[in-house]
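Report on one structure; see the data block that follows.
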Amino acid sequence: MLENTITVKNVSKKFRLYHEKRTTLYESITGSINRNPHYETLQVLDNISFNVKKGECLGIVGRNGSGKTTLLRILSRIYQPDDGSLETMGTVVPVLALGLGFHPELTAIKNIYQSSILLGISKKEIAERTEDIIKFAGLEKFADTKLKNFSSGMQMRLAFSVAVQVDPTVLLLDEVIAVGDLNFQKKCLDVMRDFKKRGKSIILVSHNPSDIELLCDRAMFVKDGHIEIIGKVPEVLDSYKKYMSTLEK
Amino acid sequence: MTTIREEMWKARGILFNFAITDLKIRYKNSVLGVLWSVVEPLLMLGVLFVVFSTMFKTEIDNFPIYLLLGLITYNFYKNGTNIALVSLSNRSSLITQIYFPRSIPAISSCITASIMLIVELAILGVFMVALEFTPPVTIVYLIPIYFLGFVFIIGLSLGLSVLNVKFKDIEFIWGIILHAGFFLTPIFYRFDFLPEYVQNILMLSPVVQLVTMTHHVVMYGTLPPINSILYTIGSIFVVLGIGYLIFRKYQARIVEEL
């Protein structure tokens, strides 16, 4: 029996949707006198439970806004769940759609340092890996360029390379593969296969069913914050495709 | 327990990384670059020095040193809290993408301010040599005084960094408080020129206390009175406690507001 790297039990998360967001002190004072509700709550995640084993890749599909990214943020501890529990083993590194917290005013190298330090790598180790990261991302010419001059594809490539070199136990990928060019996509797939072989876990959010078919051992369809179906890849993708086609009509 | 230890271990590297990036980004796109961190305070102190020493008649001995010392001490609080104030709100992309303890930006701002303090104190040293001012031995007590100041700024910074994400007005209110504080602190005047009841009110401020303490140990070669020391330590830890409580109340959900 393989160990679980991620165990999620009954996780729920609500967000407040402010109709007119109160961000100043005056507004919140006048607002507390005026008792009209100024926000409604949105149940982003509702009672989510699943687990991921060592060496396993779980694919997540769902419409935009169904709670996939929120789930990844909870797994990487950026958000705290309102209810439920979460256990993770080792390091969890998220590569969310916007990168890895890069600072636009810092160069690629400086950003590699900052992100890696935040992910728990020592300065010495980073120094050893910087060259590999830059090389893997194919950004040798741009090592000393500020991130604000990078295209979104280049930023994503850099983020993925850093995350891979950090060598986490669990890698969370949110719409990452689609951003790179074909050669980089191929490199990504190779790395992810290697990850699985070495007993690491991957959670892959993708709108591209063929990526999920290619890489994932199991899949999960998230619909309006709850798990509609979790299990074998073809069944889940079928259910997802059917659901999406009913929406079209 | 182990997770807290691990977090602090990780934090060690991040703290200094943030502190130094803060300084670098502050002077980005400038020709002089990080050199500005020396030139800027030098020019600022120079301007205030010229203004106050020529336009105001004063009976304070060694007024230039007195003035610079007050300015530098006050700048320490001003820089620390000003950087901390926006330390979370300016890092929204980072905070929504990677997890790290939310207290780190506030604490690293205090480290940035400390680096700036050291640079400014070096400038003060240059002025002392140029003006042939020999400081008394009690000047070594600046170290514990600034350490207390550091604790004070951490308390303020923890609270301010999360509050400014919740309420954007904090930034403006704090700017006004810092402005008022500059005139209410004995930086360019002597405290005992004020009426006694005003003194008694102002003495409640830890900043006034700390600035007065630096005058004691650098200008007069005396130690501050013991009840003043005790009050300062007490009030600073109260501020630290309140700052920490505010921080703890808001820190978990702050990322959702960014």
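Just the heavy atoms: all of them, side chains too, but no hydrogens, waters or symmetry mates, feed the values below. Each chain gets a letter, A, B and so on, in the order its sequence line appears, and its residues count up from 1.
- Atom CD of A:Glu125 sits in a crowded spot, with more than 12 heavy atoms from other residues, nucleotides or ligands closer than 6.0 Å.
- Looking at heavy atoms from C-beta onward, A:Gln80 lies out of side-chain contact with B:Val255 at the 4.5 angstrom threshold.
- In terms of heavy-atom proximity, A:Ile78 sits nearest to B:Ile95 at CG2-O, 3.4 Å.
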Which is it for B:Leu94 and A:Leu118 under the side-chain contact (heavy atoms from CB on, under 4.5 Å) test, yes or no, and what are the steps along the way?
-> CA-CA 10 Å; B:Leu94 192 60; A:Leu118 288 170; 3.6 Å; yes
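- Within 6.0 Å of the CZ atom in A:Phe50, the count of heavy atoms belonging to other residues, nucleotides or ligands exceeds 12.
- With values rounded to the nearest 0.5 angstrom, A:Ile117 atom CD1 is found 9.0 Å from B:Phe18 atom CZ.
- Open room surrounds NZ on A:Lys9; 12 or fewer heavy atoms of other groups in view lie less than 6.0 Å from it.
- Heavy atoms from other residues, nucleotides or ligands lying under 6.0 Å from NZ of B:Lys249 number 12 at most.
- With rounding to the nearest 0.5 angstrom, the CD1 atom of B:Ile20 is 12.0 Å from the CD atom of A:Gln114.
- Other residues, nucleotides and ligands contribute only 12 or fewer heavy atoms inside 6.0 Å of the CD1 atom of B:Ile143.
- Nearest heavy-atom pair across B:Tyr99 and A:Ser76 is CB-O, 3.2 Å.
- Only the side chain of B:Thr21 comes within less than 4.5 Å of a heavy atom in chain A; its backbone stays farther off.
- For A:Lys54, the NZ atom is loosely surrounded, since the number of other residues' heavy atoms within 6.0 Å does not exceed 12.
- When heavy atoms are compared at a cutoff of 4.5 Å, A:Leu72 does not approach chain B at all.
- Summarising the local packing, CD of B:Gln199 is surrounded by more than 12 heavy atoms from other residues, nucleotides or ligands at distances under 6.0 Å.
- The local environment of CZ in A:Arg63 is sparse, with at most 12 non-hydrogen atoms from other residues, nucleotides or ligands closer than 6.0 Å.
- Taking all atoms of both residues into account, the shortest heavy-atom contact from A:Arg77 to B:Arg102 is O-NH2, 4.3 Å.
- Options A:His103, A:Lys146, A:Lys123, A:Lys110 differ in how many heavy-atom pairs under 4.5 Å they form with chain B, and the most are formed by A:His103.
- Contacts of B:Arg253 with chain A are made by side-chain atoms alone, with heavy-atom separations under 4.5 Å and no backbone atom involved.
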